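Everything on this sheet refers to the single structure shown next.
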Amino acid sequence: MLTILFLGDIVGEPGRSAVTSQLPRLREKFGVDFVIVNGENAAGGRGITGKITIDLLRAGVSVVTTGDHIWDQKDIVAFLPTEPRLLRPINYPADTPGQGSVVLETTKGKVGVINVQCRTFMLPILENPFRAVADAVNEMRSETPVIFVDVHGETTSEKIAIGRFLDGKVSAVIGTHTHVQTADEQVFSRGTAFLCDAGMCGPVNSILGRAVEPIVQRFITNVPVPFPVAGGEVRLRGAVIQVDESSGRAISIARVDEGVEIAPLPDARTEQPRCDSGKANELASPKVS
């Protein structure tokens, strides 16, 4: 049996600190063989940098997935081709920097990871995720039956549809992007573990990991303002999936929801990204599901 720990969207410095400090404890607690995290909000709440990627890998993360905010930090275009363990969605055009899948060797065999982005209410609108992920799975199954898919999307329906579409073809399909953990963990009839959204690793007294008051005021006034990452209590949310490494079938899936006390940021400006209209609209608009 191979045990995979997946942690949902890491939000800013509080999320990063919690993941790197708690990962050894979580590995021991759950008997983890392989760790995947979604890092697309790890840098000040939006995007990820090369340095943050390296820090996460050094802390014991095996693969870092992302999503629609992959390009938000300027150094990432040059960094992506140098680090195959940092993924961007696979359904970008073929000549896009970086890659959307990777296969890594472990003591219990090879593990494949695929990162795909949905299209409903998502920008940019990428290639058809069903076709892209099907092609990637078909190619990857020649190397390993153990395949994990991070499906990054807004709507529950599209993520569930991709999970059902891949049932029996991959070991797990876990959703990201909404930052809100869902309670629908299950193993489908053909052996694929599924969770519609893993939730986030970040401050819980917040709105999606950001300070409450600026976002409330944005809803009230429609005036763009910066959305700093919140402080206070952090929770690590995700899932633990147990997989039969010989068949690739999931044996079980359980949600992870672990509390961590994190000291306030020494300087909030370091975690206060520039606010543009796209991010403002995303954070100050209802999540549709």
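Quick caveat: nothing in here was measured; it's all calculated off a predicted structure.
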Pair T182, D197 - check side chain to side chain donor-acceptor pair (under 3.5 Å), show working. CA-CA 5 Å; T182 55; D197 203 283; over 6 Å; no
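- Of all non-hydrogen atoms in M200 and S206, the two that sit nearest each other are CE-OG, 3.8 Å.
- Counting heavy atoms from C-beta outward, M122 and D68 have side chains that approach closer than 4.5 Å.
- Within the 3.5 Å criterion, the main-chain N or O of I48 finds no donor-acceptor partner in the side chain of T53.
- Note that the CG atom of L7 and the OG1 atom of T176 stand 12.0 Å from one another [nearest 0.5 Å].
- For the pair L87 and V113, the tightest heavy-atom approach, listed with the atom from each and the gap, is CD1-O, 3.7 Å.
- When all heavy atoms of P129 and V116 are compared, the pair lying nearest together is CB-CG2, 3.7 Å.
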Mind running side-chain contact (heavy atoms from CB on, under 4.5 Å) on F6 and V256 for me, showing each step along the way? CA-CA 9 Å; F6 178 73; V256 171; over 6 Å; no
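- Side-chain contact between V19 and L26 is absent, with no heavy-atom pair separated by less than 4.5 Å.
- Criterion: ILVMFWY side-chain heavy atoms under 4.5 Å apart, direct or through other members. Under it, V102 and V111 are part of a common hydrophobic cluster.
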Please test N41 against H179 for side chain to side chain donor-acceptor pair (under 3.5 Å), starting from the C-alpha separation and ending with a verdict. CA-CA 10 Å; N41 296 292; H179 295 204; 3.1 Å; yes
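- The environment of CZ in R25 is crowded: more than 12 heavy-atom neighbours from other residues, nucleotides or ligands sit within 6.0 Å.
- Taking F79 as the reference, nothing meets the ring-ring contact (aromatic ring centres under 6.0 Å, His included) condition, with sequence neighbours excluded.
- Two residues are said to be in side-chain contact when any heavy atoms from C-beta on lie closer than 4.5 Å; P89 and T66 meet this criterion.
- Remark: the T49 side chain and the Q73 side chain contain no N/O donor-acceptor pair separated by less than 3.5 Å.
- Nearest heavy-atom pair across L57 and S62 is CD2-O, 3.9 Å.
- Evaluation of the side chain to side chain donor-acceptor pair (under 3.5 Å) rule for T106 yields no partner, not counting sequence neighbours.
- Of all heavy-atom pairs spanning T192 and V170, the tightest one is OG1-O, 2.6 Å.
- Heavy atoms of other residues, nucleotides or ligands lying less than 6.0 angstrom from CD of E105 number more than 12.
- Cluster annotation: V212 and I215 are assigned to the same hydrophobic cluster (Ile/Leu/Val/Met/Phe/Trp/Tyr, side-chain heavy-atom contacts under 4.5 Å, transitive).
- No donor-acceptor contact under 3.5 angstrom links the side chains of T221 and Q217, judged on distance only.
- Going from atom CD of Q22 over to atom SG of C201 covers 10.5 Å, rounded to the nearest 0.5 Å.
- With sequence neighbours excluded, the residues that form a ring-ring contact (aromatic ring centres under 6.0 Å, His included) with F188 are F194.
- By the side chain to side chain donor-acceptor pair (under 3.5 Å) test, E143 pairs with no residue at all, sequence neighbours left out.
- To the nearest 0.5 angstrom, L23 atom CG is 9.0 Å from L56 atom CG.
- Side-chain atoms of R210 come within 3.5 Å of backbone N or O of F227 as a donor-acceptor pair.
- Residues R255 and E185 are paired through a salt bridge, judged by an N-O separation under 4.0 Å between the basic side chain and the carboxylate.
- When the side chains of ILVMFWY residues are joined at heavy-atom separations under 4.5 Å, either directly or via intervening members, V243 and L166 end up in two distinct hydrophobic clusters.
- Here the OG1 atom belonging to T144 is positioned 8.5 Å from the CE atom belonging to M140, to the nearest 0.5 angstrom.
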Evaluate the criterion side-chain contact (heavy atoms from CB on, under 4.5 Å) for residue pair V133 and V149; output intermediate values, then yes/no. CA-CA 9 Å; V133 77; V149 179; 4.2 Å; yes
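- A 4.5 Å side-chain heavy-atom check between I36 and I4 finds at least one atom pair inside the cut-off.
- Linking ILVMFWY side-chain heavy atoms closer than 4.5 Å, directly or via other members, places L2 and L195 in a single hydrophobic cluster.
- Residues D55 and R16 form no side-chain contact, since every pair of their non-hydrogen atoms from C-beta on lies 4.5 Å or further apart.
- Listed by first and then second residue, the side chain to side chain donor-acceptor pair (under 3.5 Å) pairs that reach into residues 85-102 are W71-Y92, E83-R85, sequence neighbours excluded.
- The shortest side-chain heavy-atom distance between N38 and D150 falls under the 4.5 Å cut-off.
- With hydrogens and angles ignored, the 3.5 Å screen pairs no side-chain donor or acceptor of E40 with any backbone N or O of G47.
- Side-chain contact between C118 and V151: present, with at least one pair of heavy atoms (C-beta onward) separated by less than 4.5 Å.
- Rounding to the nearest 0.5 Å places CD1 of I174 at 14.5 Å from NE2 of H152.
- Counting heavy atoms from C-beta on, the side chains of L236 and V260 come closer than 4.5 Å.
- The heavy-atom pair separating C196 from I160 by the smallest distance is SG-CG1, 4.1 Å.
- Once rounded to the nearest 0.5 Å, the distance linking CD of E245 with OG of S171 reads 10.5 Å.
- Sorted by first and then second residue, the side chain to side chain donor-acceptor pair (under 3.5 Å) pairs with a member in residues 109-121 read T120-E158; sequence neighbours excluded.
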Yes or no on salt bridge (charged side-chain N to carboxylate O under 4.0 Å, His left out) for R237 and E258, after CA distance, side-chain angles and deciding distance? CA-CA 7 Å; R237 291 181 170 133; E258 300 271 331; over 6 Å; no
Please lay out, stage by stage, how R235 and E233 fare under the test salt bridge (charged side-chain N to carboxylate O under 4.0 Å, His left out). CA-CA 7 Å; R235 298 198 73 86; E233 179 192 0; 3.0 Å; yes
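- Residue-environment remark: CG (L104) exceeds the threshold of 12 foreign heavy atoms within 6.0 Å.
- Side-chain atoms of E139 never come within 3.5 Å of backbone atoms of V137 as a donor-acceptor pair (strictly under, hydrogens ignored).
- Ionic pairing of R249 and D244 is not present here: no N-O contact between side-chain nitrogen and carboxylate oxygen is shorter than 4.0 angstrom.
- Under the 4.5 Å side-chain heavy-atom criterion for ILVMFWY residues, a single connected hydrophobic cluster contains both V61 and I70.
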